[in-house]
Number of protein chains: 2
Amino acid sequence: MAPPGPARRLSESTVLDAAFGVVVDQGFAALSIRRVAAVLGVSPNALYTYVADRADLLRGMVERVMTAIDLGPLASTAHTPAERLEQFAVAMRRTLLGHPGGAALIMSGPIDGPHSLLLNEALLRTFVEAGKSLDDAARGAYALQVYVLGTVMLEAADGGTGDPEREETLATERRAALEHVDVSGVPLSAQTADIVARYNTTAQFRWGIRRLIDGMLAAG
Amino acid sequence: MAPPGPARRLSESTVLDAAFGVVVDQGFAALSIRRVAAVLGVSPNALYTYVADRADLLRGMVERVMTAIDLGPLASTAHTPAERLEQFAVAMRRTLLGHPGGAALIMSGPIDGPHSLLLNEALLRTFVEAGKSLDDAARGAYALQVYVLGTVMLEAADGGTGDPEREETLATERRAALEHVDVSGVPLSAQTADIVARYNTTAQFRWGIRRLIDGMLAAG
DNA sequence: ACCTGAACACCGTTCAAGT
DNA sequence: ACCTGAACACCGTTCAAGT
């Protein structure tokens, strides 16, 4: 049995745990070096042994969020490549919206950690299995991520969390709010309020990602 | 001739001017109520006569950025609806990336100002002219914005400014950086470095938006 | 190596007071 | 109505010092 030793209280992992704890309890806006330190019962500057600075802390958090994305849907052999891409995209959106601070984190800086590379590889494989060239696969993998991340950004700004029940609540709220918008001069917008109210729903996401996927997989 | 009167030094407009001045000179990260006040030669709390709080200042700035987006491409009768949508999307991306703080601003909160409504209406018109139902037009208008804004977010995080020359510089840098990435275990990614290096270019953007548009306009 | 105390140069916002 | 002075409760980061 290894000697107990002086249990190192802190590590990059415990710092990240504490950081996500702050986000869960107080929201992403409240995330600060000082608050994380407080949670750990340590002085603020103590964290600088484990993270270079605030940006480095965020990078670590982004990588954790990316790791939470399940690549399983892309490997499922029971479905067509198009179905797999759609299922994966839906799951990725849900994971990012549901993860504490997920949306804010992906917006906080570049996404180029190790798990992003695995995600990209799995997407490439799926596009290639769909019969696309390697170049088109690479372009397609990026385009799909652009659509998912754009959606997550816009939905998060609207208060979405990926939870279907909350989605319905927000849609109802938005429908009511649209009643008070001045639509003189925008006749078409006036007639589409029911659709607009449901922009930030899984159904709208599926509609768009499916058309993007269809456009990318079309023979050519 | 109206009497000169005591020229009111401040207004919401001058505050916004000063705010964009700060962003131009010192970057979006340096934007603060106190710095804007300093530029105006006034004490920090003086701004609260013209903006409710920091979030309100950002809202005003977002609306200015949206106003900078040219809806002209959507009205051009010389092109097909698909071409008009593509041209508009390219121009919108360029404007947002080129505008001081544009990307950071669209990420800072919901986009629902008056000019967003006009933009939406012009998009709806174009989709309808392409023969789509009003419902599909509404879904399509949102999907297109999702793709543009997602692109802007990712490109801005990578340092893009919409300038084609800078685009090339960044692509070259990224190509070099990819040499040092460990690609063991990701064989497909290893073979697509040339495409990946050019993810944040107008060419890649056109590739993706065209396929999204084609998927949306396809008969069905 | 890891942590603390103290400090520096910042924030957004509020309140009371002046004109 | 519009602006100031002063204050409050925060930030990230650095430096010197202790163990």
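Residue numbering restarts at 1 for every chain, and letters A, B, ... go by the order of the sequence lines. All of these numbers come straight from a predicted model, not from anything done at the bench.
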Of A/Thr49 and B/Ala55, the one whose closest DNA chain C nucleotide lies more 5': A/Thr49
Closest listed nucleotide, where the reference is the side chain of [X] and the choices are [options]:
X	options	answer
B/Tyr50	C/dC2, D/dT4, D/dC2	D/dC2
B/Tyr48	D/dT4, D/dT13, C/dG12	C/dG12
A/Ser43	C/dT4, D/dC3, D/dT13	C/dT4

Verify whether one side chain among [X] and [Y] offers a donor that lies under 3.5 Å from an acceptor in the other.
X	Y	answer
A/Tyr142	B/Asn200	yes
B/Ser189	A/Glu121	yes
B/Arg93	B/Thr202	yes
A/Thr161	A/Asp163	no

Distance between P atoms of C/dA9 and D/dA9 (Å, rounded): 22 Å
Pairwise C1' distance for C/dC3 and D/dC15, with rounding to whole Å: 14 Å
Integer-rounded Å distance: [N] [atom2] and [X] [atom1]:
X	N	atom1	atom2	value
B/Leu10	D/dC3	CG	C1'	9 Å
A/Asp56	D/dG12	CG	P	14 Å
B/Leu47	D/dC3	CG	P	9 Å

Pairing of A/Glu168 and A/Arg198 as salt bridge, 4.0 angstrom limit: yes
Validation row: B/Val186, A/Leu118 side chains within 4.5 angstrom (heavy atoms): yes
Nucleotide pairing, DNA chain C (Watson-Crick or G-U, distances under 3.5 Å), in dot-bracket with [ ] and |: ||.|||||...|||||.||
Worked check of side-chain hydrogen bond (donor to acceptor under 3.5 Å, both in side chains) between A/Arg64 and A/Ser13: CA-CA 10 Å; A/Arg64 274 226 183 153; A/Ser13 183; 3.3 Å; yes
Nucleic acid contacts - residues 24-40 of chain A versus DNA chain D, non-hydrogen atoms under 4.0 Å: A/Ser32, A/Ile33, A/Arg34, A/Arg35
Exam field: side chain B/Glu63 to backbone B/His115, donor-acceptor pair closer than 3.5 Å: yes
Side-chain donor or acceptor of B/Tyr199 paired with backbone N/O of A/Ala138 under 3.5 Å: yes
